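Everything on this sheet refers to the single structure shown next.
Residues: numbered from 1 along the sequence shown. What you see below is based on every heavy atom in this structure, not just the backbone, and it leaves out hydrogens, waters and symmetry mates. Nothing here was measured: the structure is a model prediction, and the numbers come from that model.
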Amino acid sequence: MKWLFAAVTTVTLTMPSFGQIGIYIGRTPPPLRYEVRPPMPGDGYAWVDGYWGVNDGRYVWVPGRWDRPPYAGAYWSHPHYDHYEQGWQMHEGHWDHEDHRDHHYDDHHDDHH
């Protein structure tokens, strides 16, 4: 029973929180910043890119960081913003089992060679 509780707790902590309160920002998020990665602190770390978070209704830069994935094969699903009638809403980043690619980068990978 102990291992089942630990597994459920681990899954709960690594799942995105879908019950978040929706906060809308009126203006478009700023462009992403380029960051120089500091050296990796050790084996088993993954780089989590910085992003524009929200604080008191305005955008604030949250710097990138080295983080340990919670399980083997985990991919970081970056935070992103979607535009709705009310404004822009942020969807939190989270660790996931599959690499879904960051859809806010997709526009920059067109095959125009």
Side-chain angles (χ1 to χ4, degrees):
M1 252 346 232
K2 282 184 182 177
W3 69 267
L4 180 59
F5 176 76
V8 169
T9 303
T10 302
V11 169
T12 302
L13 294 175
T14 58
M15 294 294 290
S17 58
F18 291 109
Q20 302 173 25
I21 297 171
I23 298 173
Y24 295 95
I25 305 296
R27 65 182 211 276
T28 305
L32 293 176
R33 292 182 177 177
Y34 173 77
E35 294 183 303
V36 176
R37 295 179 187 182
M40 188 186 311
D43 289 338
Y45 281 83
W47 179 253
V48 174
D49 287 324
Y51 63 95
W52 287 104
V54 178
N55 188 5
D56 289 331
R58 42 186 201 95
Y59 293 110
V60 291
W61 182 252
V62 178
R65 68 185 189 280
W66 288 105
D67 200 357
R68 281 189 182 269
Y71 48 85
Y75 291 91
W76 178 249
S77 180
H78 297 279
H80 68 275
Y81 287 88
D82 285 327
H83 189 251
Y84 298 97
E85 200 173 300
Q86 306 91 323
W88 291 88
Q89 183 179 28
M90 180 183 178
H91 300 278
E92 297 286 340
H94 60 276
W95 290 102
D96 200 347
H97 291 283
E98 298 179 31
D99 185 2
H100 297 291
R101 291 188 55 195
D102 244 351
H103 72 268
H104 67 258
Y105 289 120
D106 285 351
D107 294 338
H108 304 292
H109 295 289
D110 295 336
D111 292 328
H112 299 295
H113 298 288

Are Trp61 and Leu32 side-chain neighbours, meaning at least one heavy-atom pair lies under 4.5 Å?
->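 Yes, their side chains come closer than 4.5 Å.
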Taking the side chain as every heavy atom from C-beta outward, state whether Trp88 and Val54 have any pair of such atoms under 4.5 Å apart.
->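 Sidechains of Val54 and Trp88: no contact.
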Please give me the minimum heavy-atom distance between [X] and [Y], naming the atom from each residue.
X	Y	result
Trp66	Pro41	CG-CD, 3.4 Å
Met90	Gly53	SD-CA, 4.1 Å
Pro69	Gly44	CD-O, 3.3 Å
Trp52	Pro31	NE1-O, 2.9 Å

Determine whether more than 12 heavy atoms belonging to other residues, nucleotides or ligands lie under 6.0 Å from atom CZ of Arg37.
->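 More than 12 heavy atoms, drawn from other residues, nucleotides or ligands, come within 6.0 Å of this atom.
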When rounded to the nearest 0.5 angstrom, what is the spacing between CD in Glu92 and OH in Tyr51?
->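 Output value for this atom pair is 6.0 Å.
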In terms of the angle between their ring planes, are Trp76 and Trp95 parallel, tilted or perpendicular, with boundaries placed at 30° and 60°?
->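 Plane angle over 60°, so perpendicular.
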N/O donor-acceptor pair under 3.5 Å between Glu35 side chain and Gly50 backbone |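 Judged by distance alone, yes, a pair lies under 3.5 Å.
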Check: Tyr71 ring centre within less than 6.0 Å of His97 ring centre |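 Aromatic pair counts; centres sit under 6.0 Å.
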